[in-house]
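Written below as structure tokens is the structure these notes are about.
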Amino acid sequence: MSTANKAALFQKLPSTDELLRQPDMQALILREGHSAVAESIRAVLARLRQQIGQQIGQELADGQLDEKSLDLALGGLSAAVERQLRQSLSYSLQSVVNATGVILHTNLGRAPLAAAAFDHIRATASGYSNLEFDLSKGERGKRDVHVDRLFRKLLDDMLPSCARLDSRGRLSLRGSEQAISTAISTIVVNNNAAAVLLALNSLAEGGEVIVSRGELVEIGGSFRIPDVMSKSNATLREVGTTNRTRVADYERAINERTRLLLRVHRSNFEITGFTEQPGLDELVALARRRNLPLMEDLGSGALFDLRSVGINGEPGVGDSLRTGVDIVTYSGDKLLGGPQAGLISGRADLVARMRSNSLFRALRVDKLTYAALEATLLAYVKRDHDAVPVLRMMRLSNDEITRRAEKIVSTVESAEAKSARLKLELIDGESVVGGGAAPSAVLPTRLIALTHADLSADELSARLRANIPPIIARVEEGRVLLDLRTVFPEQDGVLVEMLSSL
Ligand SMILES: *Cc1c(COP(=O)(O)O)cnc(C)c1O
């Protein structure tokens, strides 16, 4: 198209003012206000201008927005403005159907909350609450009491009976001679990155922290142990090599500036082959011998025995504390299945130092988080594991998933509107725990595999994303894969409807 033609197209576009004067726009203004309508008009016109402009570069490759299609677009201008207005006034953050089979999907909001959690949020946060008010004394209280009591209960239950609280409320985690003076306590901050920052700053500011080179990890979203270390004003003392670190490496690095031994869980990768890593018990023994605290950044921190769902080798919070780790840090919205939060559990004297650090004030969480966390923890205390969605998803049997998948496929195949070009198959596959939890933890599942005669897998997956609500699927080897493990059963109908209409 020539430049002259292009100019002619531009001239056909009305001005914002002209449009604002039209009767249908006036009606819209009465409903939605002048400035919102004017803004939508400007957005629609800008898009048209851009499409005309692009046309030059692409040499009409797509055959759109020539004179005829521009006329068509201009005819539908009011409708476009209304659509734009509706979109700009609707939520950007919206619920989606997670059919990826990745239970803790960082991009999809990690852990969905238990129903009890949002009931509790609604009940306590829509009005006033005793967040920091001691109802029995009628005076100021502490916000951490609400969940600390539940963590105590849960973590105490996980410790062997010989290490339980004695009658004076004292706890020994490491045998009688090294009795720890008080019970385990837990504080809550904004996320696990904040938990690590606070713990390092409180326990090691101005001193050295010893970490294995094999554990200098980066977790998605640029959480890097060396960076957090320097922000906490502690000096990183690396020992060993990427693939092999021995307890003697830690021992040799200890000096008068050492404040802490740190173990970081390799949440999102594995080192295999010629490797060596000291056992946690060896590190505990060393820390004890040299009178240094040992901290473990667990990342995921399960409060639930993952072995019961066939996931081995993923340490839980109880495992670490039982072995004698002094402080563990973990996320609220990974394997725990609660709200975004960073949890620090361990020796009460060390936790008390973190609580009195002014950083704690800056990193603390709000009442919504406490409400969601308290409800989630209460489900654990009641052993109602199916109330926590991520636990329910992990516990879902392959049979149950297969049954639902078969039902969806047969319903779609018998739907009148269903395109003959769409093919559905059931195949075996694997769900992923994800979210920087267990790097290699997978659960067997049954997948619905989709192919379409006229659409590539990427196009098909884009169609699913454009659905309301959007359906997020995996694309593998030219197929779109739907894993019902992460789809709530009440959402199966959404899949049926969408697939029947393809
Ligand atoms: C996920 C993870 C973090 C970061 O936790 P957030 O809650 O996302 O801040 C830190 N360390 C490890 C080992 C992790 O797996």
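Atoms within a ligand are numbered from 1 in the order they appear, just like the ligands themselves. Quick note: numbers below take in every heavy atom, side chains included, and nothing from hydrogens, waters or symmetry partners.
A donor-acceptor contact shorter than 3.5 Å is absent between the side chain of R143 and the backbone of Y370. For the pair T369 (side chain) and V365 (backbone), a donor-acceptor distance under 3.5 Å is absent. Proximity of a side-chain donor or acceptor of E459 to a complementary backbone N or O of S456 within less than 3.5 Å is detected. The main-chain N or O of G206 is found under 3.5 Å from a side-chain atom of R257 such that the two form a donor-acceptor pair.
Residue pairs meeting the ring pair (Phe, Tyr, Trp, His ring centres under 6.0 Å) criterion with at least one member in residues 105-128, sequence neighbours excluded, do not occur.
Checked by atom type, the side-chain pair Y330/S345 shows a donor-acceptor distance below 3.5 Å.
Of the candidates N192, N190, N191, the one placing a heavy atom closest to atom 3 (C) of ligand 1 is N192.
At a heavy-atom cutoff of 4.0 Å, ligand 1 is contacted by the side chain of R110 but not by its backbone.
Annotation: ring-ring contact (aromatic ring centres under 6.0 Å, His included) contacts of H385 (sequence neighbours excluded): F304, Y380.
Every N/O-N/O distance between S300 and ligand 1 stays at or above 3.5 Å. For D333, no nitrogen or oxygen atom sits less than 3.5 Å from a nitrogen or oxygen atom of ligand 1, counting backbone and side chain alike. Annotation: A193 places an N or O atom under 3.5 Å from an N or O atom of ligand 1; distance criterion only.
Within ligand 1, counting atoms from 1 as listed, the ones closer than 4.0 Å to a heavy atom of H265 are 13 (C). Using a 4.0 Å cut-off to heavy atoms of S331, the atoms of ligand 1 that qualify are 5 (O), 6 (P), 7 (O).
The shell of residues lying under 4.0 angstrom from ligand 1, judged by heavy atoms, includes K334. Heavy-atom distances between E215 and ligand 1 stay at or above 4.0 Å for every pair.
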